[in-house]
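Okay, structure first, notes after.
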Amino acid sequence: MSELLLIRHGQATPFEADTDRLSPLGEAQARAVGAALAAEGVTPTHVLHGPLVRQRRTAELAAQGTWPAATADPRLREYDGDGLVRVLVPLLASRDPAFAARVAAFRAESGGPERNRAFQKMLEAVAAGWQAGTLTHQGVEGWANFRARVESALGDVLALPSGATVLAFTSGGVIGLMVALALDAPDATALNLNWRVKNGSVTRLTFGGGRVSLDSFNEVHHLPPELRSWR
């Protein structure tokens, strides 16, 4: 049997001008997950990461001296969250007055938990339309393409020889979709899982003989409470 460990990148900077970099908390989370895997005795045969800075940097900070060199896989890139917010949110707001009011509520929040909650409600609504194919734009990668590339990446991992241990540093949307694919669950499950994936978390899949099984989801026991976050 073989094992795939899906590791979400450390906390990034979602509300800043540059959203694709690790925050100081995110850097600490990346180091902690690497140290925890080393203490556990995990010896990867393959280390992968997506092309985003936050994905690559998490892999770099987590890396241990005995790990093989990491390989960038563009298929592990997160869905275009910036595009959803920058392009699809205004598009949906122009069509739906109730959603426009939700956007206004988010913009009225100055910060803290209430702003996070307002943002989450707005994002869930626009992501549902994006996934269903009712909300599209040529400048934003569609759900079907996102699903196809993630499924392709997962298929290549599952085709590896028996005894492989793969670490894949990626993002919540990719992790949620891979888990949904492994469970043969509906597409909507992928987004529901995505919302729960915490920064620096570990999700484990066992595979071999044409089968894949979910062993754990969203582990954060290796992170002390002060290092836990989900956005």
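When a residue number appears, it is its place in the shown sequence, counting from 1.
Sorted by first and then second residue, the salt bridge (Lys or Arg N to Asp or Glu O under 4.0 Å) pairs involving residues 43-53 (not counting sequence neighbours) form an empty list. Residue pairs meeting the salt bridge (Lys or Arg N to Asp or Glu O under 4.0 Å) criterion with at least one member in residues 45-61, sequence neighbours excluded: Asp20-Arg54, Arg56-Glu60, Arg57-Glu60. Screening residues 140-149 for side-chain hydrogen bond (donor to acceptor under 3.5 Å, both in side chains), with sequence neighbours left out, gives Glu141-Asn145, Glu141-Arg149, Trp143-Asp187, Arg147-Glu151, Arg147-Asp187. Residue pairs that meet the salt bridge (Lys or Arg N to Asp or Glu O under 4.0 Å) test with at least one member in residues 164-179, sequence neighbours left out, do not exist here. The stretch residues 162-218 participates, sequence neighbours left out, in no ring pair (Phe, Tyr, Trp, His ring centres under 6.0 Å) pair at all. Within the structure, ring pair (Phe, Tyr, Trp, His ring centres under 6.0 Å) contacts touching residues 50-94 (residues at least two apart or in different chains) are Tyr79-Trp130, Tyr79-Phe146.
Counting only heavy atoms from C-beta outward, the side chains of Leu214 and Leu183 approach each other to under 4.5 Å. Contact annotation: the side chain of Val197 never approaches that of Thr203 to less than 4.5 Å [non-hydrogen atoms, C-beta and beyond]. Contact of the Ile175 side chain with the Leu193 side chain is not registered, since no non-hydrogen atoms from C-beta on lie closer than 4.5 Å. Between Met178 and Leu6, some side-chain heavy-atom pair lies under the 4.5 Å cut-off. Residues Leu37 and Leu5 have side chains in contact (heavy-atom distance under 4.5 Å, counting atoms from C-beta outward). Residues Leu25 and Ser229 are in side-chain contact: their nearest non-hydrogen atoms beyond the backbone lie under 4.5 Å apart. Within the 4.5 Å cutoff, the side chain of Leu181 has no heavy atoms near those of the Val212 side chain. Within the 4.5 Å cutoff, no side-chain heavy atoms of His46 are placed close to those of Pro68.
Under the rule for a side-chain contact (heavy atoms from CB on, under 4.5 Å), the partners of Pro224 that lie at least two apart in sequence or sit in another chain are Glu226, Leu227. Among residues two or more places apart in sequence or in another chain, the side-chain contact (heavy atoms from CB on, under 4.5 Å) test is passed with Leu91 by Leu88, Ser94, Arg95, Leu135. With sequence neighbours excluded, the residues forming a side-chain contact (heavy atoms from CB on, under 4.5 Å) with Ser216 are Arg204, Glu219, listed by chain and number. Under the rule for a side-chain contact (heavy atoms from CB on, under 4.5 Å), Arg86 has no partner lying at least two apart in sequence or in another chain. With sequence neighbours left out, the side chain to side chain donor-acceptor pair (under 3.5 Å) criterion links Ser201 to Asn218.
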**Q.** Val103 vs Val89, side-chain contact (heavy atoms from CB on, under 4.5 Å): CA-CA, chis, key distance, verdict
**A.** CA-CA 8 Å; Val103 174; Val89 163; 3.7 Å; yes
Q | Val150/Arg75 under side-chain contact (heavy atoms from CB on, under 4.5 Å): CA gap, chis, key distance, verdict | A | CA-CA 6 Å; Val150 171; Arg75 297 172 298 179; over 6 Å; no
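Distance check, rounded to the nearest 0.5 Å: CD of Glu3 to CG of Leu160 gives 13.0 Å.
No continuous path of ILVMFWY side-chain contacts below 4.5 Å connects Leu158 to Val47, so the two sit in separate hydrophobic clusters. Hydrophobic clustering keeps Val179 apart from Ile7 (ILVMFWY residues linked when any side-chain heavy atoms are closer than 4.5 Å, directly or through intermediates). Residue Val140 is not grouped with residue Leu52 when hydrophobic side chains (ILVMFWY) are merged at heavy-atom distances under 4.5 angstrom, including chains of intermediate members. No single ILVMFWY cluster, assembled from side-chain heavy atoms under 4.5 Å apart, contains both Leu4 and Val202.
In summary, the side chains of Thr170 and Glu78 do not present any donor paired with an acceptor at a separation below 3.5 Å, with no hydrogens or angles considered.
Under a 3.5 Å cut-off, the side chain of Ser2 and the backbone N or O of Ala164 do form a donor-acceptor pair. A donor-acceptor pair is defined here as one N or O able to donate and one able to accept, closer than 3.5 Å; no such pair exists between the side chain of Glu27 and the backbone of Pro24. At distances below 3.5 Å, not a single donor-acceptor pair connects side-chain atoms of Arg31 with backbone N or O atoms of Leu61. A distance-only check finds a donor-acceptor pair linking the side chain of Ser23 to the backbone of Gln11 [under 3.5 Å]. Side-chain atoms of Thr136 never come within 3.5 Å of backbone atoms of Gly133 as a donor-acceptor pair (strictly under, hydrogens ignored). Between the side chain of Ser171 and the backbone N or O of Val174, no donor-acceptor pair lies under 3.5 Å. His222 contributes a side-chain N or O that, together with a main-chain N or O of Gly200, makes up a donor-acceptor pair within less than 3.5 Å. Side-chain atoms of Arg8 come within 3.5 Å of backbone N or O of Trp230 as a donor-acceptor pair.
Taking all atoms of both residues into account, the shortest heavy-atom contact from Asn194 to Gly172 is OD1-C, 3.1 Å. Nearest heavy atoms, Leu223 versus Ala32: CD2-CB, 3.7 Å. Across Ala182 and Leu205, no two heavy atoms sit closer than the pair CB-CD2, 4.2 Å. When all heavy atoms of Val33 and Ala30 are compared, the closest pair comes out as CG1-O, 3.2 Å. Residues Leu76 and Ala153 approach most closely at CD2-CB, 4.2 Å, considering heavy atoms.
Salt bridge Arg102/Asp96: absent, no basic N to carboxylate O contact under 4.0 Å.
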For residues 119-128, please give each side-chain donor-acceptor pair under 3.5 Å, one per line with the distance, not counting sequence neighbours.
{"residue": "Gln120", "atom": "OE1", "partner": "Arg231", "partner atom": "NH2", "Å": "2.6"}
{"residue": "Gln120", "atom": "NE2", "partner": "Glu124", "partner atom": "OE2", "Å": "2.9"}

